[in-house]
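Here is the structure we will look at, set down as C-alpha cells.
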Amino acid sequence: MAHDVKSQLTALLQQALASVAPTATDTPIHLERPRDPTHGDFATNLAMQLAKALKKNPREIASQLLAELPVSLLVARAEIAGAGFINFTLDPRAKVDVVGAVLVDGGNFGRSQLGAGHKVQVEFVSANPTGPLHVGHGRGAAYGASLSSLLAFAGWDVTREYYVNDAGRQMDILGLSTWLRYLDQHGVSVPFPPNAYQGGYVRDMAQQMTVAHAAKYVRAAEAVLAGTPGLPEADRADDEAKQQRELHLDALIARAKELLGPDWDYVHQHALNEQLADCRDDLEQFGVHFDVWFSEKALYDTGLVARCVVLLEEKGHIYLQNGAKWFRSTAFGDEKDRVVQRENGLYTYFASDIAYHLNKFERGFDKVINIWGADHHGYIPRVSGAVKALDLDAGKLQVALVQFAVLYRNGQKASMSTRSGEFVTLRELRGEVGNDACRFFYALRKSDQHLDFDLDLAKSQTNENPVYYIQYAHARICSVLAQWGGDLATLADADLALLSNPRELAIANKLAEFRDVIENAARDLAPHLIAFYLKDLAGEFHGWYNAERMLVDDAALRDARVALAAAVRQVIRNGLAILGVSCPESM
RNA sequence: GCGCCCGUAGCUCAGUUGGAUAGAGUGCUACCCUCCGAAGGUAGAAGUCGCACGUUCGAAUCGUGUCGGGCGCGCCA
C-alpha cells in the first residue's frame with residue numbers, strides 16, 4: 001500500500017496523538033489538501049481540535065505532536081503554520097508513486113470499498129410513458145446513471161430501476177388520445193379534447209393501429225359522445241370550465257372502455273408499449289441503462305397494494321372518514337393525513353407507492369435511493385412516514401431531488417409542457433448537442449441546483465464547451481503516446497523520481513486525489529464533483545503540456561513523463577466513464 | 001399563510017462536512033506555435049460570499065431573523 005499516502009499519514013498522526021493526548025485518542029484525524037501550495041501537500045487541524053480538551057495553545061500542542069510523530073520516509077517536511085495547522089510536505093518520491101499505481105490498476109484505479117458490497121437501489125427517471133422524454137427527464141436520467149456508476153465504482157452493488165406508472169389515469173388518457181386520433185383517421189369526427197395528449201406521436205400510434213388492424217376499433221361518433229358532458233368554449237379558463245373538461249375526458253375514457261370492451265386493453269397496451277419502447281430506446285442511446293423496469297400495475301395484480309393497506313390497518317395507522325381510508329401520516333411527521341383508498345374504492349397513487357416501497361425493502365436493499373424531480377419534495381414526508389409505519393428502517397431510504405433544467409434557445413426559455421406538444425425532447429437535445437456534451441452539461445451542476453441549459457453553448461464545437469477541454473487532453477495524450485510508440489507495459493519500470501518539476505508533482509498530487517473525489521462524491525451522491533475534478537486535472541495537464549516537452553532525447557526522463565501522461569489519460573478515462581462521456585482518441 | 005431548496009466576480013457555477021490571502025470557466029485586456037494536436041497555454045483587471053445579529057480560536061459553510069428568487073401544499077399522478 002505504498003501508494004496510499006493519506007492513510008499512512010493518518011496512522012502516523014494517530015500514534016503521535018496517542019502519546020500526546022491519551023485521553024482524546026478518538027479525535028477524528030482530518031487531513032485536507034491545502035489549496036495554497038506553500039502550505040504543503042497535506043494539512044491537519046488536529047492541534048486546534050485538541051485545544052479545548054487539553055486547554056492548551058494549539059501551536060503548543062502542534063509542536064508536541066510533531067515531536068511525537070514517528071519518522072517516515074514519506075514526509076520531507078512537517079511544520080507548524082498559522083493558528084496551529086500542521087503542514088506536511090511529502091517526499092517527491094512518495095508523491096510520484098501514484099503514477100505507478102494508476103498504471104498498474106488501470107480502469108480500477110480509484111475504485112473504492114466504501115460501499116462494502118452493500119446492495120443499493122437507484123430508482124430514477126420513472127417518467128409516465130405518455131410521451132417522449134423531455135430535457136427535464138434527461139437531467140434525472142444523466143444524474144441517476146452517473147450516480148449509479150459512481151456508487152458501483154465506490155463498492156456498492158447497484159440496481160438501476162425505472163418505475164413504470166402503467167396503472168393510472170394518465171395512461172388511460174394516452175390510450176383515449178390514441179383512439180380518438182385513430183377514429184379521426186377513419187373519418188369519425190369526435191372533438192379532440194384540449195387536455196388529451198396533443199403530440200404528433202399520438203397520431204403515429206393511431207396510424208400503426210390502422211396498419212395492423214385496419215378499421216377494427218372504429219365506433220360511431222354518436223356512441224362515443226353519448227352521455228358525456230361536452231366541452232366548454234375553448235377560450236374559457238375558469239375553474240368551472242377546467243373541471244368540465246376533466247369530467248368530459250373521464251366520461252370519454254369510460255365510453256371507450258365500454259364500447260371497445262376487451263379491445264380497450266389492446267389500445268391501452270399498444271400505447272404503453274410504444275411509448276415505453278421509445279423511452280427505453282432513447283435512454284439506451286443516451287447511455288442510460290436499467291436493470292429493472294418495475295410495473296406499477298404488477299403491484300395491483302399481485303395484490304400488494306391491497307395487502308399494504310391491510311397491513312397498515314392492522315398496525316392501526318388507518319382510519320375511515322367520508323367513506324375513504326386515510327393513512328395517519330401526521331403521526332410520522334407529515335403535515336396532513338393522506339387518503340390511500342378513495343370513497344369509490346380505488347386506491348390512490350400514494351397507496352401503490354407505499355406498496356412499491358414495501359417491495360423495495362422486501363428485496364433486501366441496504367439503501368434505497370429515489371431520484372425525484374424537485375417538485376415532488378412535498379411528497380417525501382408521507383412516503384418516509386409510510387415506510388416507518390410499516391416498521392421498516394426509514395434511514396435506508398434516501399431521496400435525491402433534481403431541480404428542473406430550463407433550456408435556453410437563442411437566449412429564450414423553451415417551453416416544456418408535455419400536453420401542449422411544444423416541449424423540447426431529450427432526443428432533440430441529444431441530436432443537437434451530442435450525447436457527450438449533453439451528459440457532461442447535466443453532470444456539471446449540483447443536482448439540487450437549478451440548471452440553465454444553454455443550448456447554443458452546448459452546441460458550440462469550438463472552445464467554450466468544457467467537455468471538449470477534457471476530451472482534448474485525452475486526445476492529446478493519445479497522440480503523444482502514439483508518437484512515442486513504446487509498449488505501455490514498460491512504463492511501470494520508468495524511473496518516476498525523475499518527475500521533479502512543480503507541475504509534474506502537482507499533477508501527481510491531483511492523480512492521488514482521485515480516490516478522495518470518488519469517495520466524497522459517492523458519500524454526497526454528487527457526481528458533479530467528478531466533472532469538476534476532471535476539468536482541474538485536464539487544466540493541469542494542458543499547462544504542463546505547454547511548458548514541458550514529453551518526448552525528449554533523454555530516454556529515462558522521456559519514459560517518466562510519458563508514464564505521467566499515460567496515468568493522466570487513465571484517470572480521465574475512469575472519470576469520464578462514470579459520467580457516461582466517451583473518450584475519443586482523436587477529435 | 002405553512003413547508004422545502006437556493007442567493008458567491010458582468011454571466012454560468014465550484015468551494016474538500018467549520019480552516020490559512022474565497023476559486024474555476026466564460027467575457028474583457030495584453031501576450032505565446034520553425035517546437036509532441038492553438039479545441040491549448042501565460043499574465044492582468046474583476047467580490048461587503050443577499051442583509052443583520054449570534055455560536056468560537058476561526059463562518060461562504062452552523063443557528064435565529066430578514067429581504068429576494070424557485071418549488072410544493074388534491075379522494076391527481
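Just the heavy atoms: all of them, side chains too, but no hydrogens, waters or symmetry mates, feed the values below. In what follows, every chain begins at residue 1, and chains take the letters A, B, ... in the order their sequences are listed. For clarity, every value in this text was computed on a predicted model and none was experimentally measured.
- A centroid separation of less than 6.0 Å is found between the aromatic rings of A:Phe453 and A:Tyr442.
- Spacing of P atoms, B:rA45 relative to B:rA14, comes out at 26 Å, to the nearest Å.
- Stacking of the aromatic ring of A:Phe404 onto the base of B:rG70 is not found under the criterion of centres within 5.5 Å and planes under 30°.
- Between the side chain of A:Asn501 and the backbone N or O of A:Glu504 there is at least one donor-acceptor pair closer than 3.5 Å.
- Spacing of C1' atoms, B:rU61 relative to B:rC73, comes out at 30 Å, to the nearest Å.
- Base contact: A:Ala81 has a heavy atom under 4.0 Å from a base atom.
- Heavy atoms of A:Glu585 sit under 4.0 angstrom from at least one base atom.
- Listed by chain and number, the residues in a side chain to side chain donor-acceptor pair (under 3.5 Å) with A:Asp166 are A:Ser295 (sequence neighbours excluded).
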- Item | Derivation and outcome, side-chain contact (heavy atoms from CB on, under 4.5 Å), residues A:Phe327 and A:Asp337 | CA-CA 6 Å; A:Phe327 166 55; A:Asp337 293 338; over 6 Å; no
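- Of the P atoms belonging to B:rG65 and B:rG19, the separation is 25 Å, rounded to the nearest Å.
- Among the protein residues, A:Glu335 comes within range of the sugar-phosphate backbone only, with heavy atoms under 4.0 Å from sugar or phosphate atoms but none that close to a base.
- Backbone-only engagement by A:Arg445 is indicated by non-hydrogen atom pairs under 4.0 Å involving sugar-phosphate atoms exclusively.
- Taking the centre and axis of the six-membered ring of A:Tyr545, the NZ or CZ atom of A:Arg476 falls inside the cone set by 45° and 6.0 Å.
- In this structure, A:Gln403 reaches the sugar-phosphate backbone alone: every heavy-atom distance under 4.0 Å involves primed, P, OP1 or OP2 atoms, never a base.
- Not less than 6.0 angstrom separates the ring centroid of A:Tyr143 from the ring centroid of A:His528.
- Within residues 479-487 of chain A, the residues approaching RNA chain B are A:Ser479, A:Val480, A:Gln483, by heavy-atom distance under 4.0 Å.
- When ring centroids are compared, A:Phe124 and A:Tyr162 stay outside the 6.0 Å threshold.
- In this structure, A:Gln321 reaches the bases: a heavy-atom distance under 4.0 Å links it to at least one base atom across the strands shown.
- When heavy atoms are screened at a 4.0 angstrom cut-off, A:Asn87 is found touching base atoms of the nucleic acid.
- Across B:rG54 and B:rA60, the matching P atoms stand 15 Å from one another, rounded to whole Å.
- With centres under 5.5 Å and a plane angle under 30°, the ring of A:His39 is stacked against the base of B:rA20.
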